[in-house]
Amino acid sequence: MCSVFGYCGVVPDMSAFEKGFAETKSRGPDDSRIVGTGKGVLGFHRLSIMGPAPSGMQPFILNDCYAVCNGELYGFEKERERLKNKGYSFKSDSDCEIILPMYFEYGTEMFSMLDAEFACVIYDGRTDEYIAARDPIGIRPLYYGYDKNGTILFASEAKNLTGLCRRITPFPPGHYYKSEKFISYCDVSRVNSVCRDDLETACRKIREKLIAGVEKRLVADADVGFLLSGGLDSSLVCAIAAGKSSKPIKTFAIGMSEDAIDLKYARQVADFIGADHTEVYMTPQEVISSLESVIRLLGTYDITTIRASMGMYLVCKAIHERTDIRVLLTGEISDELFGYKYTDFAPNADEFQKEAEKRLRELHMYDVLRADRCISSNSLEARVPFGDLDFVKYVMSLDPEMKMNRYGKGKYLLRHAFDGLGYLPDDILWREKAAFSDAVGHSMVDDLKEYAESLYTDAEFEARRVKYDHARPFTKESLLYREIFEKYYPGQSEMVTDFWMPNKSWKGCDVNDPSARVLSNYGDSGK
């Protein structure tokens, strides 16, 4: 990961800017730079992944224009060759060096041309204006706010802007900012026409597109590792990568020492694909003692996100401390496309599709945020094959009747796409899903609930939760998380839409806890 910061006008307090900028040094520990651009400044913390030589340090400069970009631009080599043929020269092997030449050639049309996970800020010295943009899913983070003089600021994380802006807002994915307007260039949740491919054709394309999404994310000038929970999604990513690698891939799994559901399955997958596998164990004490740090780095109060982040943060911490790995592939974004346990309760295909669209639009506030912060806070980079734009657009376009659980097994299309091809053992490929926060050990969630219960009497809970009008806490656990959040991000709760919960308007989903464990169809999940 890297960190970008753009103060798009006169900086009234440079020391405050530098203090805010320093908050995300862990995203880019290799080098840091602040440069003046017009009346404002651009800042960049670098994590060297592609083109690690000093020549790849940002901001990039071209004809009085500057750019900082936290991103991976897949297939950039072809675009770089086209730009060379147009007369542009390049000083580094960094993928992001093509940003300014592309901007010169295509203007803001360039953003819809990128196959990328990115967040960037450009200063156009020819017009003395700032342009910012973010990838269509929001895999790379970007926030904005205005200072007391009305100057807009852009930064990789909310913690950069705390104290500088009265209100901090996520930059909308799939948009660019220009001339004081946010303009949509790509809405991946919107389907213009439904794809009518038959089941076998759809599954073949799903397989081909996911394999391509994994393959392009293996390219790096740094060591690559894999988070392996033993569930379907991460197991498929690892199995595909293992088949593309000339040596054993490095996989990592975490769990509570007593009852980690997925450790045994992760070990089974690792053995099957011949991975160099590492298990990390965590204790209840580590979970509780890390809670405040995790909420601060996340910038959320959402129950699901925090629970699922505990294991992810601790395994990434171990990877950072014990290895030279700099890039991690993960299994996020499959559920939003193919369905959760609760989407089995969708009353019809239209409702299923609407829920997928909603989850995809909000993903940058939940699972994607979790993966980014847990990984980047440990100076690693996240890559998400299920977020490949070609893959996402295709799956979203499929007839939702085909994606609903009509088969007695969730995510049937994804499972069937790899069935009988030797990627995974059948008992892994067809195993019921367990939520990550449950799979690291049911006791972890129970420990967190018990800890929260010990902090408040019933009367204290009622008195303290009513202070919050937006996203009001509804359990003692949610109150604990909200109070820690407010300590570091006072008055910024609207950075998150609300709690991630099953769709309570559906019969069977009106529950008071986000864990799939409370649903009637949980069944054999997590056994």
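Here the structure is a predicted model, which means the values were calculated and not measured.
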Are the side chains of Tyr481 and Ile303 in contact, using a 4.5 Å heavy-atom criterion?
yes
Test: Arg82 and Glu105 ion pair at under 4.0 Å:
no
In terms of relative ring orientation, are Tyr146 and Tyr144 parallel, tilted or perpendicular, with 30° and 60° separating the classes?
perpendicular
Would you call Asp513 and Arg307 a salt bridge, using N to O less than 4.0 angstrom?
yes
For Thr24, all residues meeting side chain to side chain donor-acceptor pair (under 3.5 Å), sequence neighbours excluded
Ser3, Asn160
Ring pair (Phe, Tyr, Trp, His ring centres under 6.0 Å) involving His364 - partner list, sequence neighbours excluded:
none
Do Ile206 and His416 have side chains that get closer than 4.5 Å, going by heavy atoms?
no
To the nearest 0.5 angstrom, please state how far the NZ atom of Lys205 sits from the SG atom of Cys203.
12.0 Å
Looking at Arg361 and Glu336, does any basic side-chain N land under 4.0 Å from a carboxylate oxygen?
no
Please walk me through it: do Ile333 and Val368 pass side chain to side chain contact (heavy atoms under 4.5 Å, CB included)?
CA-CA 8 Å; Ile333 309 183; Val368 162; 4.0 Å; yes
For Ser94, the side chain to side chain donor-acceptor pair (under 3.5 Å) test, sequence neighbours excluded, returns none
Measure across Gly331 and Phe386 and return the closest heavy-atom pair with its distance rounded to 0.1 Å.
O-CD1, 3.7 Å
Does Arg383 make a cation-pi contact with Tyr74, if we ask for NZ or CZ under 6.0 Å from the ring centre and within 45° of the axis?
no
Quick check: Trp500 with Tyr342 (ring centres under 6.0 Å apart)?
yes
Let me confirm one number: the CG-SG distance from Leu47 to Cys2, rounded to the nearest 0.5 Å.
5.5 Å
Taking only residues two or more places apart in sequence, or in another chain, which ones meet Glu401 in a salt bridge (Lys or Arg N to Asp or Glu O under 4.0 Å)?
Arg406
Can you tell me how far OH of Tyr489 sits from CG of Leu298, rounded to the nearest 0.5 angstrom?
8.0 Å
Counterpart residues, side chain to side chain contact (heavy atoms under 4.5 Å, CB included), relative to Val496 (two or more places apart)
Thr300, Tyr301, Tyr366
Phe104 vs Tyr88 aromatic rings, parallel, tilted or perpendicular, using cut-offs 30° and 60°?
perpendicular
How would you list, by chain and number, every residue that makes a salt bridge (Lys or Arg N to Asp or Glu O under 4.0 Å) with Asp115, sequence neighbours excluded?
Lys216
Kindly say whether Cys69 contributes a backbone atom to a donor-acceptor pair with the side chain of Gln58 at under 3.5 angstrom?
yes
Could you tell me whether the side chain of Tyr468 reaches within less than 4.5 Å of the side chain of Glu486, counting heavy atoms only?
yes
Looking at every heavy atom in both Val237 and Thr330, which two are closest together, and how far apart are they?
CG2-O, 4.0 Å
Name the orientation class of the two ring planes belonging to Phe182 and Phe154 (parallel below 30°, tilted from 30 to 60°, perpendicular beyond 60°).
perpendicular
Distance (rounded to the nearest 0.5 Å) between Leu297 CG and Ser376 OG
7.5 Å
To the nearest 0.5 Å, how far apart are CD in Gln492 and CG in Leu161?
9.0 Å
Mark yes or no for whether Lys409, through its side chain, and Trp430, through its backbone, hold a donor-acceptor pair below 3.5 Å.
yes
Mark yes or no for whether Tyr130, through its side chain, and Thr37, through its backbone, hold a donor-acceptor pair below 3.5 Å.
yes
So, does Ser235 use its side chain to make a donor-acceptor pair with the main chain of Leu232 at under 3.5 Å?
no
Taking side chain to side chain donor-acceptor pair (under 3.5 Å) as the test, write out the residues that go with Asp350, two or more places apart.
none
Heavy atoms only: give me the nearest Arg472-Phe499 pair and the separation to one decimal.
O-CE1, 3.5 Å
Indicate the atoms forming the closest heavy-atom contact of Leu398 with Ala202, along with that distance.
CD2-CB, 3.9 Å
Is a donor on one side and an acceptor on the other found under 3.5 Å between the side chain of Gln353 and the backbone of Asp399?
no
State whether the side chain of His470 and the backbone N or O of Gly491 hold a donor-acceptor pair below 3.5 Å, judged by distance alone.
no
Taking all atoms of both residues into account, what is the closest heavy-atom pair of Cys316 and Leu227, and its distance?
SG-CD1, 4.4 Å
Using a 4.5 Å cut-off on heavy atoms from C-beta on, say whether the side chain of Asn512 contacts that of Phe474.
yes
By salt bridge (Lys or Arg N to Asp or Glu O under 4.0 Å), Arg359 pairs with (sequence neighbours left out) Glu355, Glu362
What heavy-atom pair brings Met396 and Ser189 nearest, and what distance separates the two atoms?
CE-O, 3.8 Å
How are the rings of Phe391 and Phe338 set to each other: parallel, tilted or perpendicular (split at 30° and 60°)?
tilted
List the residues meeting salt bridge (Lys or Arg N to Asp or Glu O under 4.0 Å) with Arg217, not counting sequence neighbours, and say none if there are none.
Glu117, Asp388
Just wondering, are more than 12 heavy atoms of other shown residues or ligands nearer than 6.0 Å to CD in Glu77?
yes
Side-chain donor/acceptor of Asp135 to backbone N/O of Ile139, under 3.5 Å
yes
Please tell me if the side chains of Ser493 and Arg482 come closer than 4.5 Å, counting only heavy atoms from C-beta onward.
yes
Which pairs of donor and acceptor atoms, one on a side chain in residues 166-175, lie under 3.5 Å apart (sequence neighbours left out)?
unit_1	atom_1	unit_2	atom_2	d
Arg167	NH2	Glu494	OE1	3.2
His175	ND1	Pro173	O	2.9

Taking Arg415 for its side chain and Arg431 for its backbone only, find out whether a donor-acceptor pair lies under 3.5 Å.
yes
Does any non-hydrogen side-chain atom of Tyr177 lie less than 4.5 Å from one of Glu180?
yes
Could you tell me whether Asp198 and Arg204 make a salt bridge, using a distance below 4.0 angstrom between a side-chain N and a carboxylate O?
no
Kindly write out the residues that satisfy ring pair (Phe, Tyr, Trp, His ring centres under 6.0 Å) with Tyr313, not counting sequence neighbours, or none if the list is empty.
none
Salt bridge Glu381-Arg326, side-chain N to carboxylate O under 4.0 Å
no
Check whether any side-chain N or O of Ser515 sits under 3.5 Å from a backbone N or O of Val518 as a donor-acceptor pair, and report yes or no.
no
Electrostatic pair Glu357-Lys354, nearest N-O below 4.0 angstrom
no
For the residue pair Phe111 and Tyr185, categorise the inter-ring angle as parallel (less than 30°), tilted (30 to 60°) or perpendicular (more than 60°).
tilted
Any side-chain donor-acceptor pair under 3.5 Å between Tyr123 and Asp128?
yes
CG on Leu414 to CG on Asp233, rounded to 0.5 Å:
6.5 Å
For Leu73, does its backbone N or O pair with a side-chain atom of Asp95 as donor and acceptor, under 3.5 Å?
yes
pair Lys209-Lys393: side-chain heavy atoms closer than 4.5 Å
no
Which residue pairs pass the salt bridge (charged side-chain N to carboxylate O under 4.0 Å, His left out) test when at least one of the two sits in residues 497-509, sequence neighbours left out?
none
